[in-house]
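Step one of this worksheet: look at the structure below.
No experiment lies behind these values; they were computed from the predicted model shown. The chains referred to below are lettered A, B, ... by the order of the sequence lines, with proteins before strands, and numbering in each begins at 1.
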Amino acid sequence: MDEIRVRIAPSPSGNLHIGTARTALFNYLFAKKNNGKFILRIEDTDAERTSQSYIDNIFDSLKALGLNWDEGPDVGGPYGPYTQSERFDIYPKYVRELLDKGFAYECFCTPEELEAEKEEASKNKKAYVYSKKCENLTEEQKAKLRAEGRKPAIRFSVEKARKAFHDSPVVHFEDLVKGDLHQDTSLIGDFVIMKSNGSPTYNFAVVIDDMLMKISHIIRGEDHISNTFKQILIYEALGAEVPKFGHLGMILAPDRSKLSKRHGATAVSEFVEKGYLTEALINFVALLGWSPSDGVEIKTLDEIAGDFRINEVSSSNSVFEYDKLNWMNGQYIKKMDIKELTKLAKPFLSKYDLTEITEEQLEKVIAATREPITILSDLTYDTAYFFGRDIEYEEGVKEANVDTEQAQNILKYFYSKLDEYDFDNEEKLHDQLADFRTYFKEQYGIKPKVTMWTVRAALTGRTHGADMGVILEVLGKNRVKYRIEKAIK
RNA sequence: GCUCCCAUCGUCUAGAGGCCUAGGACACAUCCCUUUCACGGAUGCGACAGGGGUUCAAAUCCCCUUGGGAGUACCA
């Protein structure tokens, strides 16, 4: 295998999970770094849990994250189809091969019989291993079972396969991230590779698909470690080259349990809906297990790819904390192109009448409110006073900043100067505002901060927010006058 | 239960036997800057899970304990 080929194989039983996104990312990075191919395969074998909307979500999320694939269901490729349900007719051939080679056998056990075996095992505090009672069925016995209407599943003969290729029952492989990993295969029961209904099981289908798609490196979550030994045996039994494996630590919730709905968003699309930028998400998730050699954490996908080495990825689990994600998202919001940011912000401004202001003004509003925010949804509240005629005061603000005698004086003076102000010229406006502050400082010793608080409170109902110049400019003389009038007693 | 994986500040991590008085980032605290909130800058707080070895020397290697995670399906 000379060409580096990796894959991400999500099963569409839900929207693209952030953990799957990270696995996809590491595969993508590995491919980019090594001039390889990144392949997308949809594992929709479980028809009941699969839905088209999930498939669409997976496509859209991966694209949004910038994880573009070289081969996949939509773009095709030399080893398609890339949707597992369209590959059903290719598996029987390999089952046949295994059967012929003696590495697999038919199993007629009923669910009840199997259940009994399991119960027995747990009663004896032993690990459950299939009894193999169907391994040596004679043709007559099979014929009889078949006559009863029983349909066989096909099991893989773990011991036979292992003996053919390994001296010891303990099988080892060199993991790309964890190093030497081993497992006593005598503890692995003969597992089903093809269900009695004719569909392949996961462990079998992945091997066949990866083999046929010439996947050279399999990078996935460490929850697959135990599957790896089964899969290695299948590759060997089929006479196929065994790919290299790399197992990543899992992403945990802050309580160290599996990241799930109750911890908040789990799907990439949910994060986006909440106001996270895909650039920040992918950057953040890259830092879970990987760290840049130069210590600079904010990096583009390309930069990360250039610096990426799979063997340097951490082999332990990592906790997904919002604090750093939020910080990072804020960093991206601050740096993002304002036109693009404005576009992304609009869904969060849907409750306002955006036709009140021009697109150019909207951009100014976003530019002036983007600084302190951490997620896009903060914009909903933070831009509120730019819209509509009236404002809502925050708790206590009116009493403390508008109703006092000093405040009233400031507001009256401010009102009297309004006609002199140049509302269409941001720079001039800033100078005029500065003069206004200075006036109160020199005349009455009032801190500039306090002076501005007063005006700000009267205009926005708050003591903090966007730059005052921008507020005046976007509000325009009429609304400013109106709001000040309402504030003056 | 059995099997496997993992173990450095609260969190993400740097660290491949001496460069470690353990570095960075987030968070937190204080200060500076400032028309507010922020941003930015400075400083501080803060960790090698515990116990045994090996070695002149261990966060780094080995063993045990403890803790956490995963797997144990005719799910994927």
Side-chain angles (χ1 to χ4, degrees), chain A residues 9-13 43-46 48-50 84 107 109-111 114-115 118 121-130 151-155 175 178 181-184 187-189 191-203 205-206 221-229 247 249-250 252 254 256-258 284 287-298 312 314-328 330-331 334 369-374 382 401 430 433-434 436-437 447-453 455-457 460 462-469:
Chain A
S11 86
S13 55
E43 303 206 333
D44 57 346
T45 310
D46 190 351
E48 281 171 29
R49 293 196 295 161
T50 293
Q84 215 163 44
C107 171
C109 291
T110 62
L114 264 14
E115 198 49 50
K118 278 177 210 169
S122 79
K123 214 167 69 187
N124 297 332
K125 301 198 169 186
K126 288 269 206 110
Y128 165 68
V129 177
Y130 173 62
K151 286 228 181 337
I154 311 296
R155 282 184 188 270
D175 191 272
K178 287 176 186 283
L181 255 30
H182 63 94
Q183 166 78 222
D184 182 349
L187 264 19
I188 303 175
F191 54 94
V192 170
I193 55 175
M194 182 155 284
K195 306 176 200 174
S196 53
N197 67 9
S199 64
T201 60
Y202 164 74
N203 273 308
V206 251
E222 69 175 23
D223 49 337
H224 283 287
I225 290 178
S226 58
N227 287 327
T228 308
F229 298 94
H247 291 92
M250 318 251 55
L252 269 26
R256 302 209 162 260
S257 67
K258 207 158 108 184
F284 172 72
L287 258 22
L288 260 28
W290 173 84
S291 66
S293 57
D294 62 0
V296 179
E297 296 188 322
I298 306 254
E312 286 174 359
S314 160
S315 58
S316 49
N317 294 340
S318 37
V319 172
F320 188 103
E321 284 274 17
Y322 274 87
D323 278 342
K324 191 152 183 176
L325 204 215
N326 288 341
W327 167 76
M328 188 163 275
Q331 294 295 313
K334 282 181 246 308
T369 48
R370 89 212 280 198
E371 279 293 309
I373 70 167
T374 226
D382 290 358
N401 300 283
H430 269 104
L433 241 20
F436 170 71
R437 286 194 294 275
K447 283 185 190 163
K449 192 190 205 167
V450 175
T451 308
M452 296 311 276
W453 265 339
V455 176
R456 181 181 293 279
T460 71
R462 308 172 189 182
T463 52
H464 55 82
D467 175 88
M468 280 307 303

Mind listing the N/O atom pairs, protein and nucleotides 30-32 of chain B, below 3.5 Å?
none

Under 3.5 Å, which N/O atoms of the protein pair with N/O atoms of nucleotides 74-76 of chain B?
from, atom 1, to, atom 2, distance (Å)
B:C74, O2, A:S196, N, 2.8
B:C74, O2, A:S196, OG, 3.0
B:C74, N3, A:S196, OG, 3.2
B:C74, N4, A:C109, O, 2.9
B:C75, OP2, A:K195, NZ, 2.8
B:C75, O2', A:D46, OD2, 3.0
B:C75, O2', A:R49, NH2, 3.2
B:A76, OP1, A:K195, NZ, 3.0
B:A76, OP2, A:Y202, N, 3.1
B:A76, O3', A:E43, O, 3.4
B:A76, O2', A:S11, OG, 3.3
B:A76, N6, A:N227, ND2, 3.4

Base contacts versus sugar-phosphate-only contacts with protein, heavy atoms under 4.0 Å: please encode nucleotides 39-47 of chain B as B, S and - from 5' to 3'.
SS-------

Protein within reach of the bases, or only the backbone? For nucleotides 3-12 of chain B, mark each nucleotide 5' to 3' as B, S or -, using heavy atoms under 4.0 Å.
SSSSS---SB

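Annotation: side-chain hydrogen bond (donor to acceptor under 3.5 Å, both in side chains) contacts of A:S199 (sequence neighbours excluded): A:N197. Here A:E297 pairs with A:K324 under the salt bridge (Lys or Arg N to Asp or Glu O under 4.0 Å) rule; sequence neighbours left out. The side-chain hydrogen bond (donor to acceptor under 3.5 Å, both in side chains) check on A:H247 picks up A:D175, A:R220, A:T228, with sequence neighbours excluded. Applying the ring pair (Phe, Tyr, Trp, His ring centres under 6.0 Å) rule to A:F284 yields the partners A:F320; only residues at least two apart in sequence or on another chain are considered. Applying the side-chain hydrogen bond (donor to acceptor under 3.5 Å, both in side chains) rule to A:Y202 yields the partners A:H224; only residues at least two apart in sequence or on another chain are considered. In this view, A:F229 and A:F173 satisfy the ring pair (Phe, Tyr, Trp, His ring centres under 6.0 Å) rule, not counting sequence neighbours. Every ring pair (Phe, Tyr, Trp, His ring centres under 6.0 Å) that A:H182 has, sequence neighbours left out, goes to A:H172. Scanning for side-chain hydrogen bond (donor to acceptor under 3.5 Å, both in side chains) contacts around A:S122 gives an empty result, with sequence neighbours left out.
Across all strands shown, B:A16 forms no Watson-Crick or G-U wobble pair with both distances under 3.5 Å. Across all strands shown, B:A42 pairs with B:U30; the Watson-Crick or G-U wobble distances both stay below 3.5 Å. Under the Watson-Crick or G-U wobble criterion, with both distances below 3.5 Å, B:U36 is left unpaired in every strand shown. Across all strands shown, B:U72 forms a Watson-Crick or G-U wobble pair with B:G1, both key distances being under 3.5 Å.
Comparing the P positions of B:C37 and B:A29 gives an interatomic distance of 15 Å, to the nearest angstrom. Nucleotides B:A22 and B:G50, compared at atom P, are 15 Å apart to the nearest Å. The C1' atoms of B:G24 and B:A14 are separated by 7 Å, rounded to the nearest whole Å. Look at the C1' atom in both B:G46 and B:U54: the space between them is 32 Å, to the nearest Å. With both ends at atom C1', the span from B:U21 to B:A47 equals 14 Å, rounded to whole Å.
B:U13 atom P lies 17 Å from atom CG of A:D294, rounded to whole Å. If you take CE of A:M328 and C1' of B:G24, they are 13 Å apart, rounded to a whole angstrom. Atom pair A:N401:CG and B:U35:P shows a separation of 18 Å (rounding to whole Å applied).
Looking at heavy-atom distances under 4.0 Å, A:D467 makes contact with a base. Using a 4.0 Å heavy-atom cutoff across all strands shown, A:G249 reaches no nucleic acid atom at all.
In this structure, the side chain of A:K334 engages the main chain of A:E371 through a donor-acceptor pair within 3.5 Å. Of the possible polar contacts, one joining the A:R456 side chain to the A:A466 backbone as a donor-acceptor pair under 3.5 Å is found. The closest donor-acceptor contact from the side chain of A:N317 to the backbone of A:M250 lies under 3.5 Å.
Relative to the ring axis of A:F191, A:R155 does not place its NZ or CZ within 45° and under 6.0 Å from the centre.
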